[in-house]
Protein chains: 2
Amino acid sequence: MLRLYDYWESGNCYKVRLLLSLLGIPYERIHIDIMQGESRTPGFLEKNPNGRVPLLEWPDGRRLAESNAILWYLAEKTRFLPDDPWQRANILQWMCFEQYSHEPNIAVARFWHFAKLAEKNRDALPAKMKNGYKALQVMDDHLESQPYFGADCYTIGDIALYAYTHVAHEGGFDLSGFPAIGNWLKRVSSEAGHVCITDGMGI
Amino acid sequence: MLRLYDYWESGNCYKVRLLLSLLGIPYERIHIDIMQGESRTPGFLEKNPNGRVPLLEWPDGRRLAESNAILWYLAEKTRFLPDDPWQRANILQWMCFEQYSHEPNIAVARFWHFAKLAEKNRDALPAKMKNGYKALQVMDDHLESQPYFGADCYTIGDIALYAYTHVAHEGGFDLSGFPAIGNWLKRVSSEAGHVCITDGMGI
């Protein structure tokens, strides 16, 4: 059985859990408490030298890190990653956007709130909020004329962007000014096989 | 002919120039002076709503942003992106590592020096240096037993990581403690069709 080294509250880990659920693939969850340094122990660094979760491990010992690379690999030959080269390019473009322009602002602001680090980072927080809102605006503008990100159907591009967008309010972001995002969040969460970020938390 | 919206000093833009050169694909360079706000004009935002270079434009009007998505699309069916799914997954893993753990530290430190913003960012610089060195250590450790990143041959995974690693000294990083990186840089730069980041600068 697949083994997912996982941190419950992490949107990056949730991306993998969501796709595994949509694909109906069973897996074992190993909780790595990043707040207690469990992703930086010698034992874990041997599995992922970059010291991060999610990390997916196969029964034959192969391991893959980086949420979006895991999504890409699992989604090959499924409806969540079309064959068309141009659609694939656009899906990957949005996944790169997520990791560079979206996650470092929206996820980090959420983490600072969650870990009670907002006060410590009070000088850096305004830039995170400004750039996070900029990323949300890019998404909302896109969704005004397109139902999904990179293809005309629900794909791993949407999964990547959904993970931290749907919990952006936990980082202090107000999504009420982005109606197209609101409608897209509903479309994504109504997919058969959808799970919530909190599903199974702590189990 | 392909048109590349390009900023000479950008390693992200250089990635695309390097692959286009290796593939022998001719293209037109359009200089976007990001220091003068040219990537944020209404005209450019119409081409890329995220306001970033590189942006690649096809004669039929199609456009693709995000350096690593452009690399992936151009490299399909070439020797720079193998067919093997596991190798592809590992190449993408390293490209995600580059955009999340490497570039935001090493490229940003270089940019601050280049744009004379190091003094303004003096409080943030130590974390950039620390995390940049951490990324370099992950690379060096990998290269001690593997010749390339994600496959046993030179691929777009190497191109993505080469772009900012080979100019890391411009951000204040000392590469002398990473001998495996030094050897890899030489291997990459000796490839037929290799171009330097400064080639054609300002032309």
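Any value given below was found using the heavy atoms of this structure, including those in side chains, with hydrogens, waters and symmetry copies removed. In what follows, chains carry the letters A, B, and so on, assigned in the order in which the sequence lines appear, proteins first and then strands, with residues in each chain numbered from 1.
For A:Asp141, no part lies under 4.5 angstrom from a heavy atom of chain B. Contact of A:Tyr100 with chain B is made through the side chain alone, with heavy-atom distances under 4.5 Å.
Annotation: side chain of A:Leu92 is in contact with side chain of B:Leu92 (closest heavy-atom distance under 4.5 Å). In this structure, the side chains of B:Trp86 and A:Tyr73 come closer than 4.5 Å at one or more pairs of heavy atoms.
Top candidate by heavy-atom pairs under 4.5 Å with chain B, chosen from A:Ile70, A:Val138, A:Asn68, is A:Val138. Top candidate by heavy-atom pairs under 4.5 Å with chain A, chosen from B:Glu103, B:Arg88, B:Glu76, is B:Glu103. Options A:Ala124, A:Ala135, A:Cys96 differ in how many heavy-atom pairs under 4.5 Å they form with chain B, and the most are formed by A:Cys96.
Interatomic distance, A:Phe97 CZ to B:Gln99 CD, rounded to the nearest 0.5 Å: 13.0 Å. One finds the CH2 atom of B:Trp72 at 10.0 Å from the CE atom of A:Met95 (value rounded to the nearest 0.5 Å).
Along residues 49-66 of chain B, the residues that come nearer than 4.5 angstrom to chain A, judged on non-hydrogen atoms, are B:Pro49, B:Asn50, B:Arg52, B:Trp58, B:Arg62, B:Arg63, B:Leu64, B:Ala65, B:Glu66 in order of number.
Shown here for A:Ala89 and B:Ala69, the closest heavy-atom pair between the two residues is O-CB, 3.9 Å.
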